[in-house]
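Below: the structure, in structure tokens.
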Amino acid sequence: MFQYLGKRIGTFLTQLGQITLLAGHACRHIVLRPHVGQVFEQMYRLGVKSLPITTVTALFIGLAFALQVVQEFLKFGAGKMIGGIVALALWRELGPLLTAVVVAGRVGAAIAAELGTMKVTEQVEALEAMGQDPVRYLVAPRLAASTLMMPLLVGWADVVGFFGGFIIAIGSGRVNPYMYFESAQAMLHVKDIMGGLVKGVFFGFFIALISAYMGLSAKSGAKGVGEVTTRAVVVSLIVIFVLNYFLSTALFT
Amino acid sequence: MIELRNVSKSFDGRMVLHDVNLTIQTGERIAIIGTSGCGKSTLLRLIMGLHAPDAGEVLIFGEDIHRVSHARLLKIRLKIGILFQSAALFDSMNVAANVAFPLIENFNIPAARVIDRVAQKLELVEMSGFGEHDPADLSGGQRKRIGLARALSGDPEVMLYDEPTTGLDPILSTNIEDLIVRLSRQLKVTSIVVTHQISTILRTADKIYMMHNGTLLEPESPETIMTATSIYGEFIRGGLS
């Protein structure tokens, strides 16, 4: 029992050390010798191509959340606060968190599967053999692109979700459009908007880092690639939820 | 040119190479044979600097590649080309982009010259006209040829071939073997072929080494290996039977 636990803790600490080294190595390349072409390509692949799924998710989250809020708040005659509550919930928590979940599923899985396949088919070794550093060519651009694009996706999701809430609020026939925006303006501060975007930066960084690490540690053919892809998404989701709590504590309390 | 001195390497506690010594002169064409999993590919990866030895030195052009800086190692690697067992073509790029990749990333060459060089290398491996194809659309033999063109695009002084004919039909194998010999003669490239294919050994090498129990045995020539009574003979006859 103790031996098993000790082994698991040892493995966890080793992986934590390796992932920290990978982060340091990749960040050095991003700052000192970025592969600009690859960064732009990854910004398109990871960011722009995530727009449709982010839009749909954010719109329906906004609709569903406003549906609950509108019903309950109108019961208590607090219709004036609906816009503000929807805006606060979206900008502070729902927007960053749900965008990160969607991106972890789409982008994290894609990074882990792509790098994992490259690893087991000797493409990563081929890169090294051709005088390229795989961290500079493969990891750093994905890390930079994900970190840069994630806050933009979060910002977009916030706006779309708020619009979804607006449709429900107005559809109820008991909320004035002007009132919806006015309460949002009164309750939402720059700190809330910036806090949500900062969360996006952290989420983007960790999704790409964890997924790239998992991909590069793939072994044993297709089965190995499948395993690291699953692990990349699961670990990314756990890290996102844990990190979200600490970031909310630091940014909003 | 290439020298391995007392090199040992183990994986997960299993000794794969034990006290290996090997010297290869410029322009030589050698084959390294042995059973599957005996450490032949590991030897190539040590020469390429993709694995670090547990003990010993790997000298390439007089420099111990496991003691030089990472930046220097990347420079040394540019003088060595490698054809991987799976060809290791980049799936995200077409054939021309694969061949052009080392030129674009490593050498400051104008685009027009890159295009010329790519065409020239594709012609060398008899794959002209395939530049726009995706690697996924090619057969195993074609992939190996493109892998070879890519490995040769930087005009390396040393070529490493990891199981270049494994899994290919006899006609394609012969084509690849002819190509290895032709390139070695035309471009004066030092060649190291790792294989367990008998025809490849006999047709591509001047000197044959066998890896057995983690060490390299004394070399044989293609002329004497067929009649050798040693472990070489057993391997070849086993392979032929």
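Quick note on labels: first sequence line is chain A, next is B, and so on, each numbered from 1.
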Do [X] and [Y] have a side chain donor and acceptor closer than 3.5 Å?
X      : Y       : value
E93(A) : S248(A) : yes
T54(A) : W156(A) : no
H29(A) : D133(A) : yes

Point to revise | Short side-chain to backbone donor-acceptor contact, R142(A) and L138(A), under 3.5 Å | key: yes
Exercise for review: Return yes if some donor-acceptor pair links the side-chain N/O of K40(B) with the main-chain N/O of G37(B) below 3.5 Å, else return no.
Suggested key: no
Point to revise | Contact leader toward chain B among Q132(A), E128(A), Q123(A), where contacts are heavy-atom pairs under 4.5 Å | key: Q123(A)
Exercise for review: Using a strict 4.0 Å threshold on nitrogen-to-oxygen distance, state whether D155(B) and R117(B) make a salt bridge.
Suggested key: yes
Check your understanding: In residues 70-80 of chain B, which residues are in contact with chain A at a heavy-atom separation under 4.5 Å?
Key -> H70(B), L74(B), R77(B), L78(B), I80(B)
Exercise for review: Using side-chain hydrogen bond (donor to acceptor under 3.5 Å, both in side chains) as the criterion, list what pairs up with R143(B), not counting sequence neighbours.
Suggested key: none
Revision key, fill the gap. Cut-off 4.5 Å, heavy atoms of chain A, and the answer for L160(B) is neither
